[in-house]
Amino acid sequence: MTDWQSRFSLAGRTALVTGASRGIGFEIARLFAEAGADVAGVARSAADLAPLRGAVEGSGRRFAAVAADLSDPAGPAAAARAAEDALGRIDILVNSAGIALVAPALDLDAQAWDRTMALNLRAPFLLSQAVAPGMIAAGGGKIVMISSQTGVVAMKDHAAYAASKGGLNALTKSLCAEWAGHNIQVNAICPTVVMTPMGRAVWSDPARADPLLAATPLGRFGEPVEVADAALYLASSASGLVNGATLMLDGGFTSV
């Protein structure tokens, strides 16, 4: 292994990835295993994690399936404990689980707002809080938040989602400020629309998608592997100087 390859390797590390049964979370967990990490994947149902188990173990790494309801206040800490019990300490946390309940602000009800905040913002905080003591004891760690360009710039019909992701970006900076002295790097990735099942459900209508594509210099949406590649960089030692950042993965949307 050359020096640059060793900087991007996750060999000997353990990663906890939420939302791991499909989409971005699945792709991140799969790539991390290829890079050498053991992986604990979190989803609402352990059965949904069977394909990921095959991918991780096919790369020769250990895998733990963790079933948890992260929208429950007790769920994140329970998921962290289960992952640590199965695989040992957590070196890398990726907060990828999320929901997008899209509606005009005048039609958005309190239940949808609270559900969005519980999963998209409270759960990443509680998971980070749960794994940080182990990272501090081990001398460092990596936390990667999967945020959104909508947490940085406005988009119609996304009031709850945008507020949750904007809060996640602020949380990223706050945790950086508190934990950087313990060699913990906390960063957020802010993608444009990514063509996951959730992304396709919301953006398959050309009437909705075409205006956004027209405003995106690259002229296309993202793919899950592109987010996974960015997460690998932020999870590896190659990004040791990057902390508190919001990495825009938006095809240039916020640059024009």
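Position 1 is the first residue of the sequence; numbering continues from there. As the structure is a prediction and not an experimental result, all values here were calculated from the model.
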key: Side chain proximity check, E84 to I90, heavy atoms < 4.5 angstrom   = yes
ask   = Which pairs, with at least one residue in residues 90-111 and sequence neighbours excluded, count as a salt bridge (charged side-chain N to carboxylate O under 4.0 Å, His left out)?
value = R89-D91
ask   = Which pair of heavy atoms, one from A215 and one from V256, lies closest together, and at what distance?
value = O-CG2, 4.1 Å
ask   = Taking atom CD1 of I143 and atom CD of Q129, what is their separation to the nearest 0.5 Å?
value = 10.5 Å
ask   = Does M195 belong to the same Ile/Leu/Val/Met/Phe/Trp/Tyr cluster as F253, with side-chain heavy atoms less than 4.5 Å apart forming each link?
value = yes
ask   = Of all heavy-atom pairs between V144 and A235, which one has the smallest distance, and what is that distance?
value = CG2-N, 4.4 Å
key: Contacts of type side-chain contact (heavy atoms from CB on, under 4.5 Å), residue L232, not counting sequence neighbours   = L10, L31, F32, A35
message = Between L241 and L175, is there shared hydrophobic-cluster membership here, with clusters defined by ILVMFWY side-chain heavy atoms closer than 4.5 Å?
response = no
request  = Nearest 0.5 Å please: distance from the CZ atom of R115 over to the OG atom of S164.
outcome  = 12.5 Å
query = Out of S239, S236, S237, which residue meets the side-chain hydrogen bond (donor to acceptor under 3.5 Å, both in side chains) rule with K142?
reply = S239
message = Listing request: all salt bridge (charged side-chain N to carboxylate O under 4.0 Å, His left out) pairs with a residue in residues 24-44, at least two apart in sequence or in separate chains.
response = E27-R30, R30-E34, D38-R61, D38-R62, R44-D69
query = In chain order, what residues pass the side-chain contact (heavy atoms from CB on, under 4.5 Å) check against S148, with sequence neighbours excluded?
reply = T150, Y161, K165
key: Closest non-hydrogen atom pair, A33 against S59   = O-CB, 3.9 Å
Distance (rounded to the nearest 0.5 Å) between F8 CZ and T2 OG1 = 10.5 Å
inquiry  = Apply side-chain contact (heavy atoms from CB on, under 4.5 Å) to residues V193 and M155 and explain how you reach the verdict.
reply    = CA-CA 12 Å; V193 172; M155 187 173 294; 5.8 Å; no
inquiry  = Tell me whether the count of non-hydrogen atoms from other residues, nucleotides or ligands lying under 6.0 Å of CZ in R22 goes above 12.
reply    = no
query = Quick one: are L127 and L16 in side-chain contact, heavy atoms under 4.5 Å?
reply = yes
request  = State, to 0.1 Å, how close A130 and A80 come at their nearest heavy-atom pair, and which atoms those are.
outcome  = CB-CB, 3.7 Å
message = Using every non-hydrogen atom in the two residues, find where L247 and A230 come nearest and quote the distance to one decimal.
response = CD2-CB, 3.9 Å
ask   = Does the pair R81/D85 count as a salt bridge with the N-to-O cut at 4.0 Å?
value = no
query = Taking only residues at least two apart or on different chains, which pairs with a member in residues 200-220 satisfy salt bridge (charged side-chain N to carboxylate O under 4.0 Å, His left out)?
reply = R220-E226
key: Within-4.5 Å side-chain heavy-atom neighbours: R122 and N120   = no
inquiry  = Measuring only between side-chain heavy atoms, which start at C-beta, is T216 closer than 4.5 Å to D250?
reply    = no
ask   = When hydrophobic residues are tied together by side-chain contacts of less than 4.5 Å, even through go-betweens, does V186 share a cluster with I92?
value = no
query = For residues D48 and S21, is any side-chain donor paired with an opposing acceptor at under 3.5 Å?
reply = no
key: Spacing of CG belonging to L168 relative to CZ belonging to F125, to within rounding of 0.5 Å   = 12.5 Å
ask   = Linking I/L/V/M/F/W/Y whenever their side-chain heavy atoms sit closer than 4.5 Å, directly or via other members, would L171 and V94 fall into one cluster?
value = no
query = Partners of A188 by side-chain contact (heavy atoms from CB on, under 4.5 Å), sequence neighbours excluded?
reply = M145, S147, N169, T172, T246
key: Main-chain N/O of A180 paired with H182 side-chain donor or acceptor, under 3.5 Å   = no
ask   = Same hydrophobic cluster for L70 and I28, using side-chain heavy-atom links shorter than 4.5 Å among ILVMFWY?
value = no
query = Where do A103 and L108 come nearest, in terms of heavy atoms and distance?
reply = CB-CD1, 4.4 Å
